[in-house]
Amino acid sequence: MPMLHTVNKSPFERGALESCVRLAIKGSSVLLIEDGIYGATKGTTASDMVENAMKDLDFYVLGSDLKARGVDEGRLIDGITVVDYSGFVKLAVDNDKVQAWL
Amino acid sequence: MPMLHTVNKSPFERGALESCVRLAIKGSSVLLIEDGIYGATKGTTASDMVENAMKDLDFYVLGSDLKARGVDEGRLIDGITVVDYSGFVKLAVDNDKVQAWL
Amino acid sequence: MSDTKKFLFVNRKAPYGTIYAWESLEVILISAAFEQDVSLVFVDDGVFQIAKGQDTSDLGIKNFSPTYNALGDYDINKIYIEKESLEARGLTVDDLLKLTYEDEDDDWAEKDSIHVVSSAELVEIMDQQDVVLSF
Amino acid sequence: MSDTKKFLFVNRKAPYGTIYAWESLEVILISAAFEQDVSLVFVDDGVFQIAKGQDTSDLGIKNFSPTYNALGDYDINKIYIEKESLEARGLTVDDLLKLTYEDEDDDWAEKDSIHVVSSAELVEIMDQQDVVLSF
Amino acid sequence: MKFGIQINEGPYTHEASTTALNFVSAAIEAGHEIFRVFFYHDGVNNGTRYTTPPQDDRNIVNAWSELAEKHDIDLVVCVAAAQRRGIVDEGEQERNGKDGNNIAPGFRISGLGQLIEAGIQSDRLVVFGD
Amino acid sequence: MKFGIQINEGPYTHEASTTALNFVSAAIEAGHEIFRVFFYHDGVNNGTRYTTPPQDDRNIVNAWSELAEKHDIDLVVCVAAAQRRGIVDEGEQERNGKDGNNIAPGFRISGLGQLIEAGIQSDRLVVFGD
């Protein structure tokens with residue numbers, strides 16, 4: 001059953017993204033929000049983990065949280081989709097359930 | 001100047017202990033409190049980091065936080081000293097300053 | 001039973017440092033009254049919640065770990081612990097509370113509620129749920 | 001000046017996800033009124049606090065990053081950024097706000113407040129302080 | 001589609017409540033229904049009318065109250081969590097012998113069962129927290 | 001020796017306030033002086049008399065009030081942090097047009113300068129938080 005995972009923690013300080021990637025079933029979607037958006041950027045100590053996970057999972061990132069933190073979309077890992085809040089709602093609708101990795 | 005560092009975060013979920021160890025000057029004391037006490041146990045993915053750091057830093061752990069979490073003192077890394085709250089106060093007095101790794 | 005859903009409570013935080021573990025347990029106990037299909041997962045630092053031998057008398061904080069023993073009486077007996085989380089923390093199942101229930105379909109035999117599972121097995125278990133609450 | 005102490009503010013958390021960064025800045029600004037010797041450190045996710053180009057208009061949260069520009073006017077110009085923290089996050093000093101002050105001892109020349117230092121250098125700087133506040 | 005929302009952190013301290021507000025607004029705009037917003041843990045601190053945020057910042061408590069009134073949304077503050085944190089309505093004031101109350105308009109205090117019910121009755125439960 | 005104490009998290013939610021209480025008690029017992037306890041961030045939530053913790057748990061707010069009375073300790077709640085989180089004394093009630101207040105006995109609301117002063121005047125500043 002398709003599932004939406006939300007991650008709102010920085011991958012540099014907390015283990016939430018790593019746990020999400022370890023325990024999300026193949027074909028799931030992962031939406032990075034709040035401080036979680038730093039996980040979407042390339043050239044970091046967390047990028048390899050995310051790029052590897054993208055073989056099995058679809059990654060999204062909340063645009064308004066990127067913009068708030070001054071992260072230019074040009075710095076995102078290729079293949080991560082930027083969504084707005086209505087895109088967040090659509091992801092929640094299109095998946096059967098939502099798990100927040102708090 | 002001798003300094004007391006307090007760490008109250010689990011080393012499995014947060015980066016606080018790692019940063020403390022990286023940035024504490026040789027000869028400092030590190031007191032593990034609250035969820036930080038898990039960093040004092042042996043045989044974990046964080047033990048090597050702590051054992052290495054013990055070459056340059058003195059490690060202490062708050063006994064009441066160990067006991068609350070059911071961690072037997074037999075599971076502690078050799079050389080880590082268990083203190084009570086009055087020992088915590090004494091460490092704060094004996095060092096010139098205290099830094100909390102929040 | 002059209003109103004029965006599969007509820008999963010995911011516990012990822014250590015006890016006492018923050019209140020999430022305790023307030024999670026309060027939700028779990030309430031959920032028992034709603035006759036839903038309830039499962040618990042303890043993963044990452046959440047495995048510390050069910051460590052045995054907890055004694056909070058020096059702190060003055062209430063020791064809520066005995067309450068986990070009541071889960072079996074509330075028909076909450078699907079408790080999954082991630083093996084990899086235990087290993088990373090130097091723990092084995094012997095370091096945990098022994099949680100059991102009496103199986104009414106098997107002449108009230110006492111059975112273990114705790115199931116230590118691999119990450120791969122946990123992925124499948126989490127996939128089967130309808131509602132996921134995280135603490 | 002017997003009442004002058006070396007105050008160090010250590011910032012380790014990302015902005016907006018939690019309020020610590022903002023409320024830290026409020027303390028830092030107040031400290032300027034007390035004529036102490038103030039230094040700031042941005043380490044770990046704290047380096048994100050002074051990222052340039054922050055725009056919170058979609059969130060409705062106040063964008064407090066322009067306030068860092070005022071620090072120079074308050075004689076707060078010892079701002080240390082850990083090089084290793086920047087590198088781990090794929091950042092360089094060009095991704096940060098340009099914070100400056102006018103040096104009254106050098107004919108009010110405009111100088112950089114930000115100093116990118118190694119972990120080893122930061123260890124020495126932190127060792128020299130009298131009071132450490134962490135956010 | 002029917003959404004249940006759980007909020008675990010206080011306003012200002014954590015972005016969770018702001019994210020939830022923006023999510024709920026977008027869901028309503030897309031024609032969905034909000035079955036209930038349940039405030040748990042420090043989330044109960046969203047429900048006090050005693051806050052006075054800086055004038056140049058958003059007022060999150062008022063935003064919830066206004067959204068609730070406009071779209072008839074059920075804002076439920078968990079009673080057990082509220083007692084620990086000092087969020088009080090008239091009933092709690094009387095029950096616990098307090099000399100006042102601080103609940104904000106549009107919020108009501110009720111039990112944890114309301115969260116489980118939201119999980120049962122909603123098509124999706126979405127949790128915002130730390 | 002003179003200690004300044006900073007507490008950044010609310011009671012119950014986080015262990016920080018409990019740890020600080022135990023530290024302060026031990027410091028007093030060892031003959032030290034507590035110059036001030038400064039409540040910042042969510043720490044201001046330690047200062048509300050509206051809490052009603054479960055009967056089988058500790059009452060942290062009362063413990064601070066009693067300790068303050070017994071040993072004449074200065075408990076200061078940061079005004080800016082308190083406004084965001086809804087902690088109100090009589091002065092703040094009037095200033096912000098609130099219909100009540102919830103400050104607990106022994107606490108007072110004041111500015112951030114009190115924290116810096118604690119850093120200057122104390123021999124050690126010890127911070128408890130998250």
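Computed from a predicted structure; not experimentally measured. Order of the sequence lines fixes the chain letters, A, B, ..., with proteins taken first and strands second; residue numbering starts at 1 for each chain. FYI, side chains are in, hydrogens and waters are out, and symmetry mates aren't considered; it's all heavy atoms of this structure.
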With rounding to the nearest 0.5 Å, note down the distance linking [atom1] in [X] to [atom2] in [Y].
| X | Y | atom1 | atom2 | value |
| --- | --- | --- | --- | --- |
| A/D72 | D/K52 | CG | NZ | 10.0 Å |
| D/T18 | A/D35 | OG1 | CG | 6.0 Å |
| A/S47 | D/R89 | OG | CZ | 12.0 Å |

Electrostatic pair A/E13-D/K13, nearest N-O below 4.0 angstrom: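 No salt bridge links A/E13 with D/K13.
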Which residues share a salt bridge (Lys or Arg N to Asp or Glu O under 4.0 Å) with A/D56, sequence neighbours left out: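 Testing A/D56 for salt bridge (Lys or Arg N to Asp or Glu O under 4.0 Å), a comparison that skips the adjacent residues, returns A/K26.
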Set of salt bridge (Lys or Arg N to Asp or Glu O under 4.0 Å) partners for D/D106, sequence neighbours left out: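 Counting only residues at least two positions away or on another chain, D/D106 forms a salt bridge (Lys or Arg N to Asp or Glu O under 4.0 Å) with D/K111.
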Proximal to chain D - members of residues 88-100 of chain A, heavy-atom separation under 4.5 Å: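 Interface residues of residues 88-100 of chain A: none, nothing closer than 4.5 Å to chain D.
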Residue-level contacts of residues 38-45 of chain A with chain D, using a heavy-atom cutoff under 4.5 Å: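 So far as heavy atoms go, A/Y38, A/G43, A/T44, A/T45 are the residues that approach chain D to under 4.5 Å.
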Can you say whether [X] sits under 4.5 Å from chain A via the side chain, the backbone, both, or neither, judging by heavy atoms?
| X | result |
| --- | --- |
| D/A88 | both |
| D/E87 | backbone |
| D/S57 | side chain |

May I ask you to check whether over 12 heavy atoms, not counting those of [X], lie within 6.0 Å of atom [atom1]?
| X | atom1 | value |
| --- | --- | --- |
| A/E18 | CD | no |
| D/F34 | CZ | yes |
| D/E121 | CD | yes |

Side-chain heavy atoms of A/E34 within contact of D/Y16, under 4.5 Å: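 Not touching, per the 4.5 Å side-chain cut-off.
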Any side-chain heavy-atom pair of D/D45 and A/R14 under 4.5 Å: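 A side-chain contact is absent here, since even the closest heavy-atom pair is not under 4.5 Å.
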Chain D interface, residue from A/R69, A/K67, A/K9, A/R75 that has the most non-hydrogen pairs under 4.5 Å: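 Top count of heavy-atom pairs under 4.5 Å with chain D: A/K67.
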Heavy-atom pairs under 4.5 Å with chain A, option from D/D55, D/I61, D/D95 with the top count: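 Looking at each option in turn, the highest pair count goes to D/D55.
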